[in-house]
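Structure first, then comments.
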Amino acid sequence: MAEWRKEFPVLSKVNYLPNCSQGPQSRKSWAAIESYLDNWATVGMDWDFWCEEVELAKGEFARLIGASPFLLAS
């Protein structure tokens, strides 16, 4: 549990109890946001790259919940 708490810097200062949509910011999500902003600032709107990232995120979430990342046509 102590190692997991290190991923969320705010937890070193407070016990975060609110459960609204804006929970504690993790180091990993902060790094992803910085990567996105850096790419946008240096490359511009790199639409193809970010569409690929969305597809990767869909796949990861689908695996997390035991689903297929693709909608199947009937």
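Keep in mind that the numbers below use all heavy atoms, side chains included, and drop hydrogens, waters and symmetry copies. Everything numeric in this text was worked out from a predicted model, so none of it was measured.
Side chains of Pro9 and Arg27 form a contact here, defined as non-hydrogen atoms less than 4.5 Å apart.
For the ring-ring contact (aromatic ring centres under 6.0 Å, His included) condition, the pairs that include at least one residue of residues 35-58, sequence neighbours left out, are Tyr36-Trp40, Tyr36-Trp50.
Atom CD of Glu7 is separated from atom OG of Ser29 by 7.5 Å, given to the nearest 0.5 angstrom. Separation of atoms CG (Leu56) and SG (Cys51) is listed at 11.5 Å; rounding is to 0.5 Å. One distance of note links CD1 of Ile33 with CG of Asp38; it measures 12.0 Å at 0.5 Å rounding. Interatomic distance, CD1 of Ile65 versus CD of Glu60, reported as 12.5 Å (0.5 Å rounding).
Nearest heavy-atom pair across Phe8 and Ser26 is CE2-CB, 3.4 Å. Between Ser68 and Ala62 the shortest heavy-atom distance is C-CB, 3.8 Å. The minimum heavy-atom distance between Gln25 and Trp30, with the atom names listed, is CG-CE3, 3.4 Å. What you find for Arg5 and Leu11 is that their closest heavy atoms are NH2-O, 2.7 Å.
Qualifying side-chain contact (heavy atoms from CB on, under 4.5 Å) partners for Val43, counting only residues two or more places apart in sequence or in other chains: Asn39, Asp46.
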